[in-house]
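Below is one structure, written out as structure tokens, with a few remarks after it.
To find a chain, count down the sequence lines: A is the first, B the second, and so on, and within it residues start at 1.
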Amino acid sequence: MMLRQKKLLWMLLCITASVSIAAADDSSGFLSVTGPCRLEFPRDHSPHQGFRTEWWYWTGNLKSETGRHFGFQLTFFRYQLTPFGGAAEWPEPRSAWRSRQIYLGHAALSDLSAKRHFQAEQVGREALGLGGWVQWGPDITFFLRDWSAVILPDSQHLKASGEGFSFSLELKPAKAPVAHGIDGYSRKGSTPERASCYYSFSRLETRGYVTVAGKSIPVQGVSWMDHEFSTAPLESGTVGWDWFSIQLSDKTEIMIFLLRTEGGGVNPASSGSYIDASGAVRHLDRGYFEIDVMDTWKSKQSGATYPSRWRLNIPLLGIELGLVSNLPDQEMRTAGSTGATYWEGSVSVKGSKGGSLVDGNGYVEMTGYAGPMTALK
Amino acid sequence: MNSNSIEPVIHARKLSRTYPFGDSTVTGINQVDLDIAPGELVVLKGDSGSGKSTLLALLAGLDHPTAGELVVAGHHLSNSAGADLTRFRRKVVGMVFQSFNLLPTLNLLENVCLPALLAGKPAEAARAKALELLDWLGLKSRLKHDPAQLSGGEMQRTAIARALINDPALILADEPTGNLDSRNGRVVIDLLAELNRSSGRTVLIATHSNLADSLAHRCIRLRDGALTDPTCDG
Amino acid sequence: MRRLTFFLRFFLWFSGRHLRRHLGRALVVLFGIALGAAVFTSVRLSVHASLHSFSRSMDFFAGTAEKVLVRPGGYVPEGVLPVLLAHPAVKDFSPLLTTFVRVYPPQGSSFLLIGIDPLLDQSFRKWRIRGDREKTAERWLDLIREPYTVILTEPLARELGTVSGARLKLEHARRTAEFRVAGILIPEGLALVEGERVALTDIATFQELTGLYGLVDRIDLTFKPKTSPLDIEDLARKLPDELELRSPSAARDSGTAMIRAYQLNLSVLSFASLFVGMFLVYSLVALNAASRRRELAILRAVGASPRLLFNLFLAEGALFGLCGWLLAIPLSSLLVRYLLHSVSQTISTLFVRVQVEGLVLSPWEILVSFAVTLCISIAAAFQPAREAMGVSPKEAMEIAQTGVRRRRSVRRLAAWAVGCILLCVPLSLMPGIGGVPLPGYLAILLLFVGFALLAPWMLERVGRALSPVLQRFAGMPAYLAGRYLRDSGARTSISVGALITAVALFTALVIMIHSFRQTVELWVQQTVSGDLFVTTKMGQVNRFRFPIPEPIVAGLSQLDVDADLVPSRRFQMTYGDFPYEFEVMGMETFLKHGGFVWMKGDPETARPLLLRGEGLLVSEVFANRTGLGIGDMFRAQIEGSRIEIPVAGIIRDYRTDGGVVFYSWKQFRQRFYDPQWSGVRFYFRDRTRDIDAQTTGLRDTLIARWGDRLDMISGKELRNGVLKIFDETFAITTVLLLIALAVASLGITTTLTVLVLERTRQLNTLFAVGASFGQIRSMICWEAGFLVVAGEMAGLACGFVLSYMLVYVINRQSFGWTFLYTVDWGTLALSFPLIVLAALVAALPAVRTAFREPPAALLRER
């Protein structure tokens, strides 16, 4: 029943992943990201209407008092249907249902100790209180039905639920938001407009409750938040991407995204960021890091084979890390075989940094592995 | 032949059959005592209406006596129920009728097989036995013919084959020559006598012709439903 | 196993070959039963097709909803969405709007436009756009992205000659707008609703087209797992009072119940032809059992059990059933083509809108028709089979058996007959079971059986009384014929029974249809009075839901025309589960020109109550279904208003089989709110001038001012239309009737043939003692005449009783309405000589049979 919904969500992902889907003729009316983003907060937490797509993306690793390990994900997507002042005029008087913006939500909870993965979705146009955002002073709230994400100056509050699970979390930034790329301008391809504005809260101290099977469990841990907006960042030839967020025990963080191209290559625009304990960010070009896949996992349901263990080297920083997924099946699937299938899950990290041992947690997102993905180019 | 020394095939004592007719009754047979030993060929004589058919119907298990005792081949017919009588007719007696009584929709072979099939014998066995009998009766060339295509003599020979198919101990013939010319009548009587002679079957022929007299072991005579002097002539 | 093989083999030898030898007779019977089975099967299949299409349409339309939020008679305001969003029990919801629209310039009939939010609706209803996977996602987003876009089903696109991407003008009551076709639907789910004549649009576009800003028809709801009825009650409390949470299946269930009841009604009617076919099987099996009595005796003599004989004849009946059913398949496929359309039209007219796409071969329906045909044939063979069982083996001994037949006591049969007929009285008084007049049907069956059982006694009487008279006036053959029939016993009467059944059905249906039509005509003249009816565009198909726009109403009220106006507004409501229409109308003017067909209550006392708004009128159907009588309080919630008015009278109304309630428009506005106009009718004051000319003039005026924004129909056209629909509806019944009569004629042919064949020897004896061919032929004709006349007389009597039951029991219980009982003497008087003639023609083959073989051959001993 959720088939089309997922299709829409997938489409959004793919707009970022492989652009040709959005017909070039109507993208002209949208704003383009072509240079430094000059991010300012809290202003830039709120939606950037006029750009086609935007997302607010929280992931994190949590532990209960008894050491039960959970991973969570909550995403709000904004998708703008038509640019402002576009060709299709709106009738007057107009229905309250008229809207240019669609909001989509995606929530998942990985009960890693019990090896279970829950997921849920929401979708609604920005009309009649079905979904959207509100601003009250500096407080920004995103909502979709009964899901919400609130960004306050010194904390963030997440609430989502689905069949068999729910969570309610309070996140406090341990570091200020960091802008990726050049002042937030994150290149995704060979031409300037193949880019997005991209910043992260790389370390959010988190506490709250997760509910599994009707039982509410107090948890705490560390989360990551991404906010990215764009109109058409990726170019054709890109089949998917692998995105890593790593939070190490020495209070440093790493973000890396690899844009995979046809034939198994990696787009040179792939890059990353290293955030040191003080919150200073260092941009990592493609040449600075190596990622090798050590093991794979094949999904019985979609038939896709995903990497499940990696080795990450950043020689410049003396970092040698091993990553392993905490639960093989954290695949996000659609009913039938629409191809709207990707992997988003919690990983554990172990290795060395500058000769001393480090460990940590992370989240990995991998798209374009399930067969039909290529058909979406 | 001494009929007292062995168990008789037919044993009747004070056998009576009456029919209701309006407010009164009509007597079919009255107080008949009769014993026929195994292997006997007996001719039953009598005028029309003397009770020959009634007696034969009782002996064949086609009808119930109203009084008296009747045992045929060890079966007590005076107090048998319908299902027992059906079995009795299948196994114990073979019946030959004056008007042949072949079923018009069945061909000659099927007519002969029928009692065996009704008795639950396998079709192949019934067919083999019927072919054997029909061969013996000289009808082998007419197996697929319908009764309507046969002559009277052929029909009656078929009826004899049908009477024999279940190997009955007793053959009852009701005016078997009544609808036949004298030549064919002779053939039929000779066949019945041959059956009696060769296989020792008990044969009772009800007839008012004299064709069988010379071949019979003895004659019995019915008059107004009662047995009278047992002579063949008259 | 061996027993079964033997039985089958022997059945072929004994019965199969016999039937083949008398192939003509067997074929006639086979054709009769096949015709009966074909009628039965095709009627059931036709109704089933409507039922299937309706419930499928309703299911796809209802989708996965667990509850539906509606506002009786009106629209649900969008203002309730926050309540739904906030309630913890609500999982998903989807608002929905529908209307019928048509393309502009008008072409073809109107189709259903559905307005939904594609995002909210996806967990409720399934639909997909044809084309590449990724492109279709974009295209359905176009519905939201781009105002005035629609997605059409493929058949509709073909019908309208449009393709994806093309532009299309759609016309609605309020306005006409240009749409872009954003895609074509794959034929599944929602696309299959309404016989695939649907279009989808975004809810925003729908509201902008129709002007229903902030309003929706309904909101479908699903609940989270483990939601209890208490949670749903809690939700209901939080919603405004005038909103109702209904079961999504309510509309489907009441619709399917109505169609099922109709199916049963038609099944029973069509069963009559099968019933007549049953008589045919009986007569042939009985003939076979009687004429082959000697063979049966021989069989018994050579060792066959009575059960074998019983099974043989039962199997003969079964063979007729089986072959008849097989033969019925090609016959049904011809018949069903005719019935399919008219049945669905009837259902659409009387009950619920259905769009039948084609025949659906339901295994269940096929099984039912097979089982019924087989059972009926076996049942028909039962009595002859039992007789066969009773044959004594001793009969094999008798030469030239004439058959000692036990004569059943004619008096005892007559007693049974009277018992059956009397039993009809209490059965007719019993209420129907679940809207289906089962006791009534049983009563009809008993009536037929009773009259058939009465036939021997009647023949005996007629024979006894007529023979001497006939001898004097018509000579010896007539006398002999009368005597023969007097003594012929049960067999003749079976065939007469078939004729009685057919004639009774004919009479009853002629009377019923005539009464119905007379009453409807009266109703049409009175209640559908008026010279010009004006409503919103497509008002009829949209069930008068959309009011006429205010400026037009103002213009209409100020028209310079010498006519009275009767405005009206209709609300579609339900009383419990029973759907009805609440109509407010300009009562005073209406009563001046037209009126109601009163059923209960006094028009004179009710009139002031109606005018003062202190009473309302309910239709007979409404009164029957709800139990409300005169003086009872009618209560309803219409949009925001609570209505409580006593019933002042009960009137006849035939617009649908739902109920109707009438109330004064003026009083409604004074007491509650302005109901607006959904329609208005004009009555010209000057009746002396040419009404047609005045109507045309007025129509031209209206068109000149408002163009095609209004739908108009003259009173004359409307009334003729109503009567035309009525006549079309009953065309089916007429077909069934003619088939029943045809089967009965076949029955007469077989019976007479059997009678002749049975007596060949007797007839030839007659010939031998000096009767001429002519005399014997004349005797058989007299016999036929006796049979037919006796059958007709009894059939007529039975038919009158039956018509009474149809009007006052069956119709009342299955439709809720009755009508004024009137007998169409003209049709009856005209048709009876025709039936007699037909039956006599049917007797001809029998006469010919009598002398097919030379008399000498027949007199010869077998």
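Rounding to the nearest 0.5 angstrom, the gap separating the OG1 atom in B:Thr105 from the CZ atom in C:Phe10 is 7.0 Å. Rounding to the nearest 0.5 Å gives a distance of 5.0 Å between CG of C:Leu299 and CG of B:Leu103. Put simply, NZ on C:Lys394 and CG on B:Leu58 are 8.5 Å apart, with the number rounded to the nearest 0.5 Å.
Residues C:Ala301 and B:Arg89 approach most closely at O-CD, 3.4 Å, considering heavy atoms. Across all their heavy atoms, B:Asn101 and C:Arg294 have their closest contact at OD1-NH2, 2.8 Å.
For a residue to count as touching a neighbouring chain, one of its non-hydrogen atoms must lie under 4.5 Å from one of that chain's; by this rule C:Arg292 touches chain B with the side chain only. In this structure, the portion of B:Lys121 lying under 4.5 Å from any heavy atom of chain C is its backbone and not its side chain. For a residue to count as touching a neighbouring chain, one of its non-hydrogen atoms must lie under 4.5 Å from one of that chain's; by this rule B:Ala60 does not touch chain C.
Listed options B:Leu114, B:Asn107, B:Val93 were ranked by heavy-atom pairs under 4.5 angstrom with chain C; first place goes to B:Leu114.
B:Leu62 has its side chain out of reach of C:Arg300: every pair of non-hydrogen atoms, C-beta onward, lies at least 4.5 Å apart.
Shown here is C:Trp457, whose CH2 atom has no more than 12 heavy atoms of other residues, nucleotides or ligands within 6.0 Å. Counting heavy atoms of neighbouring residues, nucleotides and ligands inside a 6.0 Å radius, atom CG of B:Asp224 does not exceed 12 of them. Around atom CZ of B:Arg142, more than 12 heavy atoms belonging to other residues, nucleotides or ligands sit under 6.0 Å away.
A salt bridge is absent between C:Arg17 and B:Asp146; no separation between the charged side-chain nitrogens and carboxylate oxygens falls under 4.0 Å.
Within residues 304-314 of chain C, the residues approaching chain B closer than 4.5 Å by heavy atoms are, in numerical order, C:Ala304, C:Ser305, C:Pro306, C:Leu308. For residues 147-162 of chain B, the interface with chain C (any heavy-atom pair closer than 4.5 Å) comprises B:Arg162, sorted by residue number.
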